[in-house]
Amino acid sequence: MADAPAATGGRGLRLHTIPAHRAFADALVAGLLRRYGDDRLALARGLVLVPNNRGGLAVREAFVRASGGALLLPRIVALGGEELDAGVGAALDPADAVPPLPPAVDPLQRRMILARLVEEERAAAGRPVDAAEAVRLAGELARTLDQLIVEEVPPARLAAIDPGEGLSDHWETALRLFRILLDRWPAERERLGCIDAAERRIHLLDRQAARWRDVPPAGFVCAAGITDPAPAVARLLRVVAGMPRGMVVFADLDLTMADEEWTALGPHDPDPATGLRRRAIEVHPQFHLKLLLERIGADRAEVSRWAAASEHDATAARGRAIANALAPARFTAKWTALDAADRRLTGVTAVELATPAEEAQAVALKLREAVETPGLTAALVTPDRMLARRVAAHCRRWGIEVDDSAGRALAILPPGTLLTAIVEAAAQDFAPMALLTLLKHPLVRAGEGRGEWLDGVRRLDRALRGPRPAPGLIGLDRHLAATPERARAAEWWREARVLLEPVARGFGAEVATLPGLVACLREAANLLAGDEAWRGPAGRAAADLLTGLETQAPLGPRTIAPAGFAPLLRLLMDEIAIRLLPRERHARLAIYGLMEARLQSADLMILSGLNEGTWPGLPAPDPWLAPRVRADLGLPGLERGIGVAAHDFGQALGAREVVMTRARRDARSPALASRFWLRLEAMTGERFPRDATLAAWARTLDGIAVPTPVDRPAPMPRKALRPRQISVTEVDRLKADPFAFYARRILKLSPLDAVDADPSAAWRGTAVHGVLEAWAREDACDPERLLPRALMLLADPSTHPLLRALWQPRLIAAFEWVAARTIADRAAGREVLAVEGRGTAELAGIELTGRFDRVDRMPDGGLGIVDYKTGKAPSVAAVRGGFNLQLGLLGAIAEQGGFAGIGGHATAFEYWSLAKKGDAFGAVSSPADPAGKGGRIVTEDFVRAARDSFAEAAARWLTGEEPFTAKLHPEFAPYAEYDQLMRRDEWYGRDA
């Protein structure tokens, strides 16, 4: 069949468009087969230019669907992206090209060189940056350079820009960095013998345009779905459209838009009188197509509708509704006059969900439904990669592996997280949380020995509970050797430690070189994970990144702080997308990003994440070029991306069946519906096609019935299970919160300290008690030795920094008070009998155990029971209420001879509080008084009162059958370790 005639205009340009309601790839292929299908060789000699590799795959699959058998396909070449050279092959870069083009500079090599130049420039300006920040700024600088190259703006124009009032300081700062592009980068590039990839791409396109202009190819050339308005692309498309067997097919260039609306889009010429330029409507989905058409040198009247359709198309009414809904804002008043058919969205369903999690569940259900329908294809289109990952995870639980064509960042995949964990652990001096994150990583010791390895890690986890030990591997060694309970963990740690020593040495210096750190990282990954670290697409990408860094890092910043390597590595890995292998993809389902969705079609298209800030996304601010500067340079406005996103939305909305979804709130706050959603809603009014069924299914799938709150728990185990031994410190818990006692002693559930916990009051008390015990045992309570011993504790490397920084002044003042008080007591005839002793006695049929801080022989010959408190002493009201009677119980044990070497009658009960009282630290208080003053218990009766209170509690809960009721006296039960177990929030306050 003969080639299609030129459209209109008499210039022989073959320009066509496929409207949004048609499946682009299938309609394109149908038209090509109509023209060239009779001659298989003619089809095979053809060339189809597409915007990206994913678009090429869509066209290839459309040929397969349309052929019904064997077919020699035309060559399909992707023009877009940085991988142009790999995609075009001999099509645009033949080996015999004269003169040959210089190679493109390696992107990482350019990044490293620019980072070094940025670091030097900032240092010279007195504003130094670390290597990670230099690499980040280099990336921004490289993007600005590429924008200038693509739009063919000479970088030298930067120096001639007048930023105007208010921007001069910012511009001067930016211009100093731009001097790198103007003065230093060209010299570096010449030294390398390379050119920028964007510049090489322009040369390739221009060279091909010139070749085709002089000698048109024998086969047809079809440029399909290309929307990039870059000047070089436009020049190539102009040549293609003018060739005898060439054609350009646009995706949804609107031929029905009124001329007034089309003209309003811009870009506009300057006003002859004022020289001012009216602002273009870059947020409109047709703007970039109009700009491309103008750069081609064609008029919209020269474009004709592609005369082919497919069975996958929607109705023409859908196309009219899309065009009307996306009209420029000042022309939306026409909606009120539209016929119902021109704003009807038949085949489109809108679903609003409560949260992103519910939205992902609903989308996954819809995809699952498509799988159940034979032959049906379905695709999710969303710019929200988190939502895409959630949907893919939901599908995996049904055994459905869906390909997210946008890929996932290397930084969040196992090989990437392994590298990050190694660097973070080393940079944080093997702090417990970072260390355990590394040792528990799924790739570490993966395989046969994984179970045994995890057993060791769990033992180490238990040993590292509580405040952070001293830094480094040596600090961990000391911590694990400190107590016998950690012996098993210490034994396993010796094996694991060997694997960490190389990276510890490499990250031990304050300043290092980037190649040195990369080498240490590679060695550590090999030791910890072996080949698993480099397996699969993600592992190979991680290995390639480290190889590239080792090769290119010498060209970058001279030195790097080890702490800055983690953000640098994460920055680079975030920019590497990893995609599933073809054999892992589901044949009929797909997940697309906006760029990947171009030219794609499916029987069911699900458009998700339709919230403002997501689709469309917020324009990213340019750190270097203000909007006015960009306009003066002729660069695209920051908001042009909104127009491109609108065009992507219109294309996807043209599928035969469409489901649109949004969540009413995001992870932080209520979300505003996308402007595209709101436009459809405003145009259709009451006819907006909402559907609540899918949302109900999503809530029901993992939902539960209306919860019924439980009653206050009160377990009542039989007598044989109730403990017959209790410590004095547990008595208050038994009386105030019997359920907590039941959970700890009968269920034997003990809460674990957090890993890397901040020092608690209990931990501080333990440290203080340790000092006072050593002072009594080793220094015989010599007042002159107490303060030096306290300073030894604070100087110990294992002492938590928080204790040193915040508590040191208070503790020193409190210890000084203890020393002074001890001197005064000795002068009054009081002597220390024993410290930190343990004992037992039988009371009320129960073995009562206790540990005292100190017992003194009082001047009257009686016993003084002393309890050190780092906080406040118990209140008199609590003691009167039958709580905080530990001193009395310790006195009862002492009077029964329960403490070895101590005998007598307890006549004094004292709390030595080291907390601040008034303007000083330290105070002595007692819950008893010889005369019962201040509501206190009479001293002579204190032991008896404590014994009687304990006997009553023992008779109720230990030897009796009283239920262990939760929070029986909540005012004396401040601890919350078992609140979740007792489901406190469900009943507390309901059963008053």
Side-chain angles (χ1 to χ4, degrees), residues 6-11 13-20 151 226-231 233-235 237-238 241 248-306 319-339 342-343 616 619 627-628 630-651 675-676 679 682-683:
T8 55
R11 290 187 289 180
L13 297 181
R14 291 173 173 80
L15 302 171
H16 310 276
T17 182
I18 297 176
E151 292 298 324
I226 296 171
T227 59
D228 181 5
V233 174
R235 289 193 294 269
L237 296 188
R238 165 74 189 202
V248 174
V249 184
F250 297 107
D252 190 28
L253 190 148
D254 193 351
L255 301 180
T256 63
M257 177 184 281
D259 289 341
E260 183 183 6
E261 295 180 32
W262 182 260
T263 303
L265 297 181
H268 304 286
D269 294 328
D271 185 275
T274 63
L276 298 178
R277 191 188 299 269
R278 188 152 56 99
R279 189 174 181 180
I281 310 177
E282 294 192 63
V283 297
H284 193 274
Q286 293 293 313
F287 175 81
H288 61 292
L289 292 174
K290 183 173 185 286
L291 180 61
L292 175 58
L293 198 60
E294 290 184 358
R295 287 179 171 177
I296 289 174
D299 187 81
R300 186 170 58 141
E302 299 179 72
V303 182
S304 67
R305 189 182 300 273
W306 184 253
R320 292 194 299 272
I322 294 171
N324 289 325
L326 299 178
R330 56 182 279 213
F331 297 99
T332 54
K334 68 178 182 180
W335 289 345
T336 59
L338 289 175
D339 293 335
D342 290 336
R343 51 195 175 101
R628 176 179 170 182
R630 293 182 65 88
D632 289 346
L633 289 171
L635 296 178
L638 296 176
E639 64 274 16
R640 186 179 295 181
I642 296 176
V644 175
H647 187 264
D648 294 333
F649 175 75
Q651 284 287 102
R675 65 188 70 187
F676 310 143
R679 278 172 166 264
M683 184 187 74

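In what follows, every heavy atom counts, from backbone to side chain, and hydrogens, waters and symmetry copies are set aside. Position 1 is the first residue of the sequence; numbering continues from there.
The shortest heavy-atom contact between Leu15 and Ala241 is CD2-CB, 3.6 Å. For the residue pair Asp254 and Trp262, the shortest heavy atom distance occurs at O-CZ3, 4.2 Å. For Phe287 against Ile281, the heavy-atom pair with the smallest separation is CB-O, 3.5 Å. The heavy-atom pair separating Leu289 from Ala251 by the smallest distance is CD1-O, 3.7 Å. The two atoms that bring Ile296 and Ala234 nearest to each other are CG1-O, 3.7 Å, heavy atoms only. Scanning both residues, Leu326 and Gly650, for their nearest heavy atoms gives CD1-CA, 4.2 Å.
The CD atom of Glu294 lies 11.5 Å from the CZ atom of Arg300; values are rounded to the nearest 0.5 Å. For the atom pair Leu338 CG and Arg343 CZ, the distance stands at 6.5 Å (nearest 0.5 Å). Here the OG1 atom belonging to Thr227 is positioned 11.0 Å from the CG atom belonging to Leu291, to the nearest 0.5 angstrom. Once rounded to the nearest 0.5 Å, the distance linking CH2 of Trp335 with CG of Asn324 reads 9.0 Å. The distance from the CZ atom of Arg305 to the OG1 atom of Thr256 is 7.0 Å, given to the nearest 0.5 Å.
Here the side chains of Arg330 and Glu260 are in contact, with some heavy-atom distance below 4.5 Å. Counting only heavy atoms from C-beta outward, the side chains of Leu633 and Glu151 never approach each other to under 4.5 Å. The side-chain heavy atoms of Gln651 and Asp252, taken from C-beta on, include a pair separated by under 4.5 Å. Using a 4.5 Å heavy-atom threshold, the side chains of Val249 and Ile18 count as touching. Within the 4.5 Å cutoff, the side chain of His284 has heavy atoms near those of the Met257 side chain.
The ring pair (Phe, Tyr, Trp, His ring centres under 6.0 Å) check on His647 picks up His288, with sequence neighbours excluded.
Among residues at least two apart or in separate chains, side-chain hydrogen bond (donor to acceptor under 3.5 Å, both in side chains) pairs with a member in residues 632-642 are Arg279-Glu639, Glu282-Arg640.
Looking at Arg238, its side chain never comes within 3.5 Å of a backbone N or O of Leu13 through a donor-acceptor pair. Looking only at distances, a side-chain donor or acceptor of Arg630 sits under 3.5 Å from a matching main-chain atom of Pro636.
Screening Leu237, Leu253, Asp299 for a side-chain contact (heavy atoms from CB on, under 4.5 Å) involving Leu293 leaves a single residue, Leu253.
Note on Lys290 versus Glu261: no salt bridge recorded, every NZ/NE/NH1/NH2 to OD/OE distance being 4.0 Å or above.
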